[in-house]
Amino acid sequence: MDIENSDIRKNPQVRAVFEALLLDPRTPETVFQELFGVDLAFVTEYKKQVEGLWDIPRVLLYNRILSLRDKRAADLYMDVYNGGWEVVDSLFNRGRNINAAETAMRVIRISAAKEIGRAHV
């Protein structure tokens with residue numbers, strides 16, 4: 001696979017969307033296939049060949065995203081950091097891959113965790 005000469009690497013806006021999805025390890029293969037025409041083998045190879053934010057531990061990732069110069073990319077990364085791959089799927093794919101029940105349960109768990117965290121601070 002020629003990652004460096006792929007359309008994903010050549011177009012900075014497309015690259016930002018693709019790399020934002022890499023921040024969420026739960027991003028399903030169908031999202032990569034439908035939005036970029038690539039499979040998980042390409043995604044795996046991309047992550048091996050290209051250094052990116054997806055290698056940074058999640059606790060440190062937040063500050064790294066805030067320090068990015070490209071504010072549009074930083075906003076997209078922060079949306080995925082906070083909301084998951086569903087944010088990108090809803091923007092570019094009309095939410096075709098989103099399972100409403102799973103997403104709702106995840107939002108409830110996140111909200112509950114935030115409340116527990118606030119109670120202990």
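- Taking the centre and axis of the six-membered ring of Y81, the NZ or CZ atom of R58 falls inside the cone set by 45° and 6.0 Å.
- Once rounded to the nearest 0.5 Å, the distance linking CG of N63 with CG of L68 reads 11.0 Å.
- Rounded to the nearest 0.5 angstrom, F18 CZ and R9 CZ are separated by 10.0 Å.
- Under a hydrophobic clustering in which Ile, Leu, Val, Met, Phe, Trp and Tyr are joined whenever their side-chain heavy atoms come within less than 4.5 Å, directly or via other members, L60 and L23 fall into the same cluster.
- Salt bridge annotation for K47-E19: absent, with no cationic side-chain nitrogen under 4.0 angstrom from a carboxylate oxygen.
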Review point. Do V43 and T27 pass the side-chain contact (heavy atoms from CB on, under 4.5 Å) test, and can you show the C-alpha distance, the side-chain angles, and the key distance before you say yes or no?
Key: CA-CA 11 Å; V43 172; T27 305; over 6 Å; no

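- In this structure, the side chains of Q33 and L40 stay at 4.5 Å or more apart for every pair of heavy atoms.
- Residues L22 and V80 form no side-chain contact, since every pair of their non-hydrogen atoms from C-beta on lies 4.5 Å or further apart.
- Considering CD of E45 and CG of D39, their distance stands at 11.0 Å, rounded to 0.5 Å.
- For the atom pair CD (E51) and CD1 (I56), the distance works out to 8.5 Å, reported to the nearest 0.5 Å.
- Residues F42 and F36 place their aromatic rings such that the two centres sit no closer than 6.0 Å.
- Annotation: side chain of Y62 is not in contact with side chain of Y77 (no heavy-atom distance under 4.5 Å).
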**Study point:** Working for side-chain contact (heavy atoms from CB on, under 4.5 Å), residues R72 and L76
**Key:** CA-CA 6 Å; R72 287 171 46 196; L76 178 61; over 6 Å; no

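- With hydrophobic clusters built from ILVMFWY side chains whose heavy atoms lie under 4.5 angstrom apart, L66 shares a cluster with W54.
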Practice item. Quick one: do K10 and E4 satisfy side-chain contact (heavy atoms from CB on, under 4.5 Å)? Show the steps, please. Key: CA-CA 8 Å; K10 288 180 182 177; E4 280 305 313; over 6 Å; no

Exercise for review: Kindly indicate, with the supporting measurements, whether the criterion side-chain contact (heavy atoms from CB on, under 4.5 Å) is fulfilled by D7 and V14.
Suggested key: CA-CA 8 Å; D7 290 338; V14 172; over 6 Å; no

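- The OG atom of S6 sits 9.5 Å away from atom CD of Q49, with the distance rounded to the nearest 0.5 Å.
- Not a single donor-acceptor pair under 3.5 Å links the side chain of D79 to the backbone N or O of V87.
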